[in-house]
K.L.:
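This is the structure, below, for whatever I ask next.
For this chain, numbers begin at 1 and follow the sequence in order. Small disclaimer: the values here were computed from a predicted structure and weren't measured. Heavy-atom basis, side chains included; hydrogens, waters and symmetry copies ignored.
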Amino acid sequence: MTGMTGLTRRWTVGVLGAAALALSACGGGDKEPTLRIYNWSDYIDPALLEEFTKETGIKVVYDTFDSNEVLETKVLTGGTGYDIVAPSNHNVPRYITAKAIAPLDFARLPGRKNLWPDLMQRMEPFDPGGKYTVPYMWGTMGIGYNTAEIAKRLPGVTVDSWDVVFKPENLAKLKDCGVYFLDASEDMYAVTLNYLGKDPNSLNVADYEAATNLLVSLRPHITKIHSSEYINALANGDACIAIGYSGDILQAATRAEEAKNGVEISYVIPKEGSQVWFDVFAIPADAPNKDAAYKFLDFMLRPAVIARASNYTEYANANLPATALVDEELRTNPNVYPTPEVFSRLFVTTTKEQTLLEQVNRLWTRVMTGR
Ligand code: N2P
């Protein structure tokens, strides 16, 4: 990790490592081809980037974001300088309409044959024929919690319902041990609307107002609304409950285990149902190094490579032959590779018009400020 600007974190992987960085800092190393990736935080095994660099001689500059809202604003504006970006399914149609991402040349992606037909089918409404995107990881939204701390505060309660986080009287009892919600308006409204018995893909602003009223009433009990800090907060005991993304919460559990700090974190997809999402790689229309982007996409399409990415991130990937290569514990975990029963409770977020999103984002400001 070599630097950080705002919400963006940066790693640089050069062919000659530190020496190359020093050279480029004084203007001597600028000749080497560079691939600039903008991906979600905690979403790749850094060793894979090093291997890609070793194999291709392409230096990787790797920046991270932690919400679709941040990514979309940048990519739709253009001129990001990135060669690879990673939006979620429901954002993709807006990128395509805005011509912000480039159609893919399939001839340059022989590894596409490994993509899981079922996953491609699920992406069909967002990117028909997979013309613009290559699915990367997919997962769910749910609740991550510290089993001991929740048992102390909500004795006898099985954490299997959104009631635990969406009933103000429950959340009030958890406030003292740390409560984190995602700062991701579309994702958060989807699960809140679903909890309220409304269409999680409602196009009706009044439904979003009702969801906002609930979230604002919970705000005094929420420690922090943030989309990536909850991993460490759960792992080190600063948070006892979080609404988050499946693999992130599994990573929190792993970090706590590795730290041997006595913290045990569990993940649940609540019984009322939740969102399943699919993150994809795309090449911005104005990407400076499309050649490097294709090389990277095809590298990530190798079953052995993407299986390692899953083992590290604890998210399912979209590569069929890779499944057998994913750690058994992960590929048999229904929270990672959902069974048909779990799948029947999941919904997919649809693409909304910009005008509705603007109204929704204004309402989200009320949630953030608690007013
Ligand atoms: C990775 C979170 C990705 C999930 N930290 C959201 N699509």
Side-chain angles (χ1 to χ4, degrees), residues 41-42 66 139-184 187-188 191-192 194-195 215 218 220-276 310-316 326-339 341-343 345-346:
S41 46
D42 306 287
D66 64 8
T140 51
M141 283 180 76
I143 301 173
Y145 63 101
N146 179 317
T147 46
E149 297 300 326
I150 300 303
K152 260 190 247 166
R153 289 165 181 81
L154 296 173
V157 171
T158 308
V159 184
D160 62 355
S161 163
W162 287 112
D163 280 346
V164 174
V165 283
F166 284 149
K167 277 211 157 125
E169 61 271 31
N170 284 339
L171 211 61
K173 292 187 190 138
L174 306 179
K175 183 191 159 116
D176 77 295
C177 60
V179 175
Y180 277 58
F181 278 21
L182 290 174
D183 181 7
D187 293 345
M188 285 300 297
V191 295
T192 311
N194 178 66
Y195 172 71
L215 293 167
L218 298 169
H221 313 309
I222 303 171
T223 316
K224 193 156 191 180
I225 303 185
H226 192 281
S227 294
S228 50
E229 286 179 6
Y230 65 99
I231 306 182
N232 279 336
L234 283 170
N236 66 24
D238 284 345
C240 62
I241 200 148
I243 298 183
Y245 302 117
S246 46
D248 287 11
I249 291 164
L250 298 178
Q251 286 180 47
T254 304
R255 288 182 202 179
E257 257 166 55
E258 285 169 0
K260 296 196 184 15
N261 59 4
V263 168
E264 187 191 85
I265 302 296
S266 294
Y267 176 70
V268 65
I269 301 171
K271 61 183 178 200
E272 298 89 349
S274 190
Q275 184 208 50
V276 56
S310 279
N311 291 341
Y312 185 94
T313 64
E314 304 191 54
Y315 284 102
V326 170
D327 287 343
E328 187 180 357
E329 207 190 320
L330 212 59
R331 78 179 128 85
T332 57
N333 182 344
N335 280 328
V336 181
Y337 284 82
T339 56
E341 186 280 319
V342 175
F343 237 113
R345 289 185 281 131
L346 301 176

K.L.:
Atom CG in N333, atom CG in L250: separation rounded to 0.5 Å?
P.N.:
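That separation rounds to 6.0 Å.
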K.L.:
Do P338 and L346 touch side chain to side chain, with heavy atoms closer than 4.5 Å?
P.N.:
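Of all side-chain heavy-atom pairs linking L346 with P338, at least one is under 4.5 Å.
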K.L.:
Between K173 (side chain only) and L154 (backbone N and O only), is there a donor and an acceptor less than 3.5 Å apart?
P.N.:
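The answer is no, because no donor-acceptor pair under 3.5 Å joins these two groups.
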K.L.:
Mind running side chain to side chain contact (heavy atoms under 4.5 Å, CB included) on D66 and H226 for me, showing each step along the way?
P.N.:
CA-CA 9 Å; D66 64 8; H226 192 281; 3.5 Å; yes
K.L.:
Grab the two heavy atoms, one from I243 and one from L182, that are nearest each other, plus how far apart they are.
P.N.:
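That closest heavy-atom pairing would be O-CG, 3.3 Å.
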K.L.:
Is there a side-chain contact between D163 and Y195 (heavy atoms, below 4.5 Å)?
P.N.:
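They are in side-chain contact.
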K.L.:
Would you mind reporting whether L174 and H221 have side-chain heavy atoms less than 4.5 Å apart?
P.N.:
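Not touching, per the 4.5 Å side-chain cut-off.
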K.L.:
Any heavy-atom pair between the side chains of Q251 and Y245 that's under 4.5 Å?
P.N.:
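Heavy-atom side-chain distance check fails, nothing below 4.5 Å.
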K.L.:
Among side-chain atoms of Q275 and D187, is any donor-acceptor pair under 3.5 angstrom?
P.N.:
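Checked: Q275/D187 side chains pair up, N/O donor to acceptor below 3.5 Å.
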K.L.:
Could you pull out the closest heavy-atom pair between G144 and L234, with the gap in Å?
P.N.:
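Nearest pair, atom of G144 first, then L234: O-CD2, 4.0 Å.
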K.L.:
If you define the side chain from C-beta out and look only at heavy atoms, does anything of Y230 sit under 4.5 Å from I249?
P.N.:
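Yes, their side chains come closer than 4.5 Å.
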K.L.:
State whether the side chain of W162 and the backbone N or O of I143 hold a donor-acceptor pair below 3.5 Å, judged by distance alone.
P.N.:
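No, the answer is negative, given that no donor and acceptor are paired below the 3.5 Å cut-off.
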K.L.:
Could you pull out the closest heavy-atom pair between S274 and N194, with the gap in Å?
P.N.:
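Scanning both residues, the minimum pair turns out to be N-ND2, 4.4 Å.
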K.L.:
Output all residues satisfying salt bridge (Lys or Arg N to Asp or Glu O under 4.0 Å) with R255, sequence neighbours left out; order by chain, then residue number.
P.N.:
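Partners of R255 by the salt bridge (Lys or Arg N to Asp or Glu O under 4.0 Å) criterion, ordered by chain and then number, come out as D42.
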K.L.:
State, yes or no, whether a side-chain contact exists between D248 and S228 at a heavy-atom distance under 4.5 Å.
P.N.:
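The answer is no; the side chains never approach within 4.5 Å.
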K.L.:
Rounded to the nearest 0.5 Å, how far does OG of S227 lie from CZ of F181?
P.N.:
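Spacing of CZ (F181) from OG (S227) equals 12.5 Å.
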K.L.:
Could you report the tightest heavy-atom contact between G142 and P270, atom names first, then the distance?
P.N.:
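In this case the closest contact between G142 and P270 is CA-CD, 4.1 Å.
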K.L.:
Could you measure the distance from the CZ atom of F166 to the CG atom of L218? Nearest 0.5 Å is fine.
P.N.:
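Taking CZ in F166 and CG in L218, the distance rounds to 7.0 Å.
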K.L.:
With rounding to the nearest 0.5 angstrom, report the CD to CG distance, E149 to D176.
P.N.:
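Answer for the CD-CG pair, E149 versus D176, is 8.0 Å.
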K.L.:
Considering the options T140, I269, V268, which one meets the side-chain contact (heavy atoms from CB on, under 4.5 Å) requirement together with S246?
P.N.:
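One option only clears the test, and that one is T140.
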K.L.:
Which distance, rounded to the nearest 0.5 Å, do you find between the CD1 of I265 and the CD1 of I150?
P.N.:
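The CD1 atom of I150 is 9.0 Å from CD1 of I265, to the nearest 0.5 Å.
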K.L.:
With a cut-off of 6.0 Å (strictly less than), are more than 12 heavy atoms of other residues, nucleotides or ligands near CD of E341?
P.N.:
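Enclosed: over 12 neighbouring heavy atoms sit under 6.0 Å from CD of E341.
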K.L.:
Taking the side chain as every heavy atom from C-beta outward, state whether N311 and V326 have any atom pair closer than 4.5 Å.
P.N.:
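Of all side-chain heavy-atom pairs linking V326 with N311, at least one is under 4.5 Å.
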K.L.:
Identify the two heavy atoms, one from A233 and one from N236, that lie closest to each other, and give their separation to 0.1 Å.
P.N.:
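Smallest interatomic distance, heavy atoms only, reads O-OD1, 3.1 Å.
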K.L.:
Do V336 and E314 have side chains that get closer than 4.5 Å, going by heavy atoms?
P.N.:
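The answer is no; the side chains never approach within 4.5 Å.
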K.L.:
If you compare all heavy atoms of Y180 against all heavy atoms of A239, which two are closest, and at what distance to 0.1 Å?
P.N.:
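Closest approach of Y180 to A239: CD1-CB, 3.6 Å.
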K.L.:
Out of curiosity, N146 CG to D238 CG, how far, rounded to the nearest 0.5 Å?
P.N.:
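If I round to the nearest 0.5 Å, the distance is 11.0 Å.
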K.L.:
More than 12 heavy atoms of other residues, nucleotides or ligands under 6.0 Å from CD of E169: yes or no?
P.N.:
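Correct, the count exceeds 12.
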